[in-house]
Amino acid sequence: MRVNFTDAALNAVTGRAGVSTGWNTSTSDYHEFDDFAVYTRNTVTMTGLPSGYKLRVGTRAAAESGGAATVDLLEDLCPRANIEVLNANDVVIARLTPSPGVWGGDNYSYTP
């Protein structure tokens with residue numbers, strides 16, 4: 001799930017849409033975030049993988065276990081451009097480039 005706000009009335013202080021953490025009067029700190037995404041999980045999962053295969057998203061990879069592999073993207077920026085399936089010899093055998101990218105919470109199924 002991605003949430004996009006475009007209503008300028010959401011943030012009357014700056015006239016732009018956004019989410020703020022509030023105003024701290026003692027330090028005059030104000031934090032506004034106007035580019036953000038909300039997704040259901042921080043992981044990407046692929047099912048249907050043969051034994052020994054791996055799933056790679058960006059620089060992160062996970063080995064197949066019970067026919068599935070799950071990559072944790074908690075510390076990565078989303079969206080990622082593509083997702084790759086590697087065989088037991090770490091050779092890329094499939095690459096997907098979904099639109100609008102790979103996001104946490106995405107689930108895929110591999111069919112050889």
Side-chain angles (χ1 to χ4, degrees):
M1 173 176 75
R2 288 189 308 184
V3 178
N4 295 313
F5 292 103
T6 57
D7 185 355
L10 291 173
N11 188 339
V13 174
T14 62
R16 296 192 314 261
V19 174
S20 87
T21 59
W23 183 267
N24 183 334
T25 56
S26 65
T27 62
S28 298
D29 287 338
Y30 181 79
H31 306 282
E32 178 183 302
F33 305 92
D34 62 1
D35 292 319
F36 59 94
V38 178
Y39 30 99
T40 58
R41 289 183 305 283
N42 57 305
T43 58
V44 173
T45 300
M46 182 169 287
T47 58
L49 294 172
S51 180
Y53 276 41
K54 295 176 187 155
L55 172 65
R56 182 166 60 195
V57 181
T59 60
R60 300 189 183 275
E64 169 277 333
S65 176
T70 300
V71 174
D72 189 341
L73 299 177
L74 180 62
E75 297 178 14
D76 286 7
L77 295 175
C78 286
R80 303 302 298 178
N82 56 51
I83 185 170
E84 298 173 322
V85 176
L86 289 76
N87 67 14
N89 297 319
D90 291 335
V91 175
V92 175
I93 59 167
R95 177 178 286 130
L96 303 171
T97 308
S99 177
V102 179
W103 291 86
D106 286 354
N107 293 295
Y108 300 91
S109 179
Y110 176 73
T111 304

Undergrad: My understanding is that only residues two or more places apart in sequence, or in another chain, count here; which of them pass side chain to side chain contact (heavy atoms under 4.5 Å, CB included) with Asn82?
TA: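 Side chain to side chain contact (heavy atoms under 4.5 Å, CB included) list for Asn82, sorted by chain: Glu84, Arg95, Thr97.
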Undergrad: Keeping Asp72 on the side-chain end and Leu74 on the backbone end, is there a donor-acceptor pair under 3.5 Å?
TA: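 Here the side-chain-to-backbone pair exists.
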Undergrad: Nearest heavy-atom pair of Ala63 and Ala69: which atoms, and what distance?
TA: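 Closest approach of Ala63 to Ala69: O-CB, 3.8 Å.
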Undergrad: Do Leu86 and Val44 belong together in a cluster built from hydrophobic side chains that touch within less than 4.5 Å?
TA: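 Shared cluster, no.
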Undergrad: Among the clusters formed by ILVMFWY side chains lying less than 4.5 Å apart, do Ile93 and Ile83 turn up in the same one?
TA: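 Ile93 and Ile83: one cluster.
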Undergrad: Hey, could you give me the OH/CG distance between Tyr110 and Leu96, rounded to the nearest 0.5 Å?
TA: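 With rounding to 0.5 Å, OH (Tyr110) is 10.0 Å from CG (Leu96).
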Undergrad: So, taking the atom named CG in Leu49 and the one named CG in Asn87, what distance separates them when rounded to the nearest 0.5 Å?
TA: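 Answer rounded to 0.5 Å: 11.5 Å.
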Undergrad: State which residues pass side-chain hydrogen bond (donor to acceptor under 3.5 Å, both in side chains) with Arg80; sequence neighbours excluded, sorted by chain then number.
TA: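 side-chain hydrogen bond (donor to acceptor under 3.5 Å, both in side chains) list for Arg80, sorted by chain: empty.
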Undergrad: Applying the side chain to side chain contact (heavy atoms under 4.5 Å, CB included) test to Thr45, which of Asn107, Leu55, Asp106 qualifies?
TA: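 Of Asn107, Leu55, Asp106, side chain to side chain contact (heavy atoms under 4.5 Å, CB included) with Thr45 is met by Asn107 alone.
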Undergrad: Kindly write out the residues that satisfy side-chain hydrogen bond (donor to acceptor under 3.5 Å, both in side chains) with Asp90, not counting sequence neighbours, or none if the list is empty.
TA: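 Partners of Asp90 by the side-chain hydrogen bond (donor to acceptor under 3.5 Å, both in side chains) criterion, ordered by chain and then number, come out as Lys54.
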Undergrad: Specify the closest pair of heavy atoms between Pro79 and Gly101, including all atoms of both residues, with the distance to one decimal.
TA: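 Distance-wise, the nearest heavy atoms are CB-CA, 4.0 Å.
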Undergrad: Looking at every heavy atom in both Pro98 and Ala81, which two are closest together, and how far apart are they?
TA: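 Heavy-atom minimum between the residues: CD-O, 4.1 Å.
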